[in-house]
Number of protein chains: 2
Amino acid sequence: MNLDPADIQHLKDGYLLAALSASELEGVLVHARVRTLIPGEPLFDQGDPCTDFFFVLTGTIKLCRMAPSGEEKVMDLIRSGYFFAEAAMFMNGCYPINACSIEATRLVALDSRHFIGLVKNNADLCLRLLSKMSQRMHGMINEIDRLSLHSGAQRVIGYLLEQLPGGDAAASSVRLSVPKHVIASRLGIQPETLSRVLAKLRGQQLIEVHDDMIVLNDVDALRRLC
Amino acid sequence: MNLDPADIQHLKDGYLLAALSASELEGVLVHARVRTLIPGEPLFDQGDPCTDFFFVLTGTIKLCRMAPSGEEKVMDLIRSGYFFAEAAMFMNGCYPINACSIEATRLVALDSRHFIGLVKNNADLCLRLLSKMSQRMHGMINEIDRLSLHSGAQRVIGYLLEQLPGGDAAASSVRLSVPKHVIASRLGIQPETLSRVLAKLRGQQLIEVHDDMIVLNDVDALRRLC
DNA sequence: GCGACGCCTTGATATAGGTCAACCGGATGA
DNA sequence: TCATCCGGTTGACCTATATCAAGGCGTCGC
């Protein structure tokens, strides 16, 4: 399985590679392998040695951790056009989480060691990386206080609002691209609770639920709730 | 107020500056100011433009966010010998959190823009930074799943075990260096709940509480509980 | 077509933890 | 010295959410 020109363009648009010269990019691509995952196929496990970082071409990757009890907590959902595991690369150690697909997924695996070597000679790229990682950390700070400061219902509403296609105020409906139980885990609640929260919002006429299609009847009111 | 030689040594031991040459360090110090805070004095607020990053010489800084309700959540406690706000620096924007002292604190404020300039010309430093930020992100991932996967009691136990002076298995007692209500917020629980958890552990003979001194009677049992 | 399964929903119940209120003891300050 | 305040503790109560259990509705393979 190989990279076609559209994939390469896609990759170049991702922030990590945008700062590379043509020859550097060439080198990175030599060390890149395309992988295809069937739904639910694991990519790596928490504790595996970190040899690659990844870019999602199509599909969705679920990053999650296992509690000692066996319960799993979804930490992040990585969709087409995004890198992941690039942070682990710099620790030169092991992946801190599990990664697996939740639908048919094509992704690019890029060689960590080769890329590190590249970064050593490219201060500009380095700064971009620092900035990007700062942004991720910022996102995590938000996540931490969402989890600890807001109620389950507020987190659900926040999630729905996040999924709104940006810009268009009129198009106030959302298609859930992952199963509801995955969203529940992402939000740190049980599937039953998610279902109840949605039912309650439906009862208040704030939303309409048609399977994985959710219409937000009153975006402003929802925004006020959180 | 100025830096004395001990302070400078202290600073050089911090990871961010260890990779600098003598002349680079010189430059950084020219742009450094020592600040002294009384207990509870604010340093910056969430949303303030990010002009400096900091190093704690003595004392403790509390990083926290305010919920819309006015409730505050302690995100981190920064003690002597650690940098903070270095991530915000790379975003070139605003501080994402509030910072204030919780006791008399001496710290060094370092000029962000000057430091960024330096990093641009030092790929090695850059890599160290990337690695350090990865570690922080790793810590945040742990924090997120602690908050969402573990009970309040487990988080309390985890906190106590973290505070144990490393290495020495015999010395199984902990002195709480910050007020209990700050720890409670750090752990995402109420002060009353923290108090009850400690009372319960005391009832099980697992710990002894003497004001801010906590003796861990059975470290292994505690570790098993989480 | 039919059973099995997965996903979601709904109801009943249990429980962790939050909230409110009272109280204690030490520190502070008039 | 006494009043006050602050941090911590304890009790009573309540609410949000988890847990357990049942059932509905698609989808898939046979």
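Because the structure is a prediction, the values reported are computed rather than measured. Letters A, B, ... mirror the listed sequences (proteins, then strands); counts begin at 1. Side chains are part of it too, since the values below use all heavy atoms of this structure and drop only hydrogens, waters and symmetry mates.
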Crowded around Y159(A) OH? As in, over 12 foreign heavy atoms under 6.0 Å? yes
Starting from C1' on dG11(C), measure out to NZ on K200(A) and report it in whole angstrom. 17 Å
Using nucleotides 12-16 of chain C, report all nitrogen or oxygen pairs with the protein that are shorter than 3.5 Å.
{"residue": "dA12(C)", "atom": "N6", "partner": "R196(A)", "partner atom": "NH2", "Å": "3.4"}

Please say which of D111(A), D52(A), D7(A) ends up in a salt bridge (charged side-chain N to carboxylate O under 4.0 Å, His left out) with R33(A). D52(A)
What one should report as the nearest heavy-atom pair of F84(A) and F53(A) is O-CB, 3.7 Å
Scan nucleotides 4-8 of chain C against the protein and return all N/O pairs shorter than 3.5 Å with their distances rounded to 0.1 Å.
{"residue": "dC8(C)", "atom": "OP1", "partner": "K180(A)", "partner atom": "N", "Å": "2.7"}
{"residue": "dC8(C)", "atom": "OP2", "partner": "H181(A)", "partner atom": "N", "Å": "3.2"}
{"residue": "dC8(C)", "atom": "OP2", "partner": "H181(A)", "partner atom": "ND1", "Å": "3.0"}

Nearest 0.5 Å, what's the OG-CE distance between S173(A) and M213(A)? 3.5 Å
Check: S134(B) side chain, A88(A) main-chain N or O, donor-acceptor pair, under 3.5 Å: no
In the 5' to 3' direction, the nucleotides of DNA chain D bounding the stretch that comes under 4.0 Å of a heavy atom in chain A are dT17(D) to dC20(D)
Salt bridge (charged side-chain N to carboxylate O under 4.0 Å, His left out) pairs touching residues 174-199 of chain B, sequence neighbours excluded, are E143(B)-R186(B), R175(B)-D212(B)
Least distance between heavy atoms, S101(B) atom then I38(B) atom: OG-O, 2.6 Å
Please check if any side-chain donor atom of R79(B) sits under 3.5 Å from a side-chain acceptor atom of S177(B), or the reverse. yes
At 4.0 Å (heavy atoms only), tell me whether I189(A) reaches a base, stays on the sugar-phosphate, or touches nothing. sugar-phosphate
Taking only residues two or more places apart in sequence or in another chain, which ones pass ring-ring contact (aromatic ring centres under 6.0 Å, His included) with H181(A)? none
For F55(A), enumerate each residue passing the ring-ring contact (aromatic ring centres under 6.0 Å, His included) test, keeping only those at least two apart in sequence or located in another chain. H10(A), F83(A)
Is it true that the side chains of R106(A) and S80(A) contain a donor and an acceptor less than 3.5 Å apart? no
Output all residues satisfying side-chain hydrogen bond (donor to acceptor under 3.5 Å, both in side chains) with E103(B), sequence neighbours left out; order by chain, then residue number. T60(B)
Could you tell me whether the side chain of L63(B) reaches within less than 4.5 Å of the side chain of L77(B), counting heavy atoms only? no
Positions of residues 209-217 of chain B (non-hydrogen atom under 4.0 Å from DNA chain D), listed by number: none
R146(A) side chain to M140(A) backbone, donor-acceptor under 3.5 Å: no
What bend angle does the helix from dG1(C)-dC30(D) to dA30(C)-dT1(D) show across its length, from five-pair end axes and to the nearest 10 degrees? 30°
Restricting to non-hydrogen atoms, name the atom on V174(A) and the atom on L160(A) that form the minimum distance, rounded to 0.1 Å. CG2-O, 3.7 Å
E162(B): what forms a side-chain hydrogen bond (donor to acceptor under 3.5 Å, both in side chains) with it, not counting sequence neighbours? none
Is a donor on one side and an acceptor on the other found under 3.5 Å between the side chain of R202(B) and the backbone of E208(B)? no
Which protein N or O atoms sit under 3.5 Å from an N or O of nucleotides 24-29 of chain C?
none

Any donor-acceptor pair under 3.5 Å joining the side chain of Q190(B) to the base of dC20(C)? no
By salt bridge (charged side-chain N to carboxylate O under 4.0 Å, His left out) - contacts of D76(A) (at least two apart): none
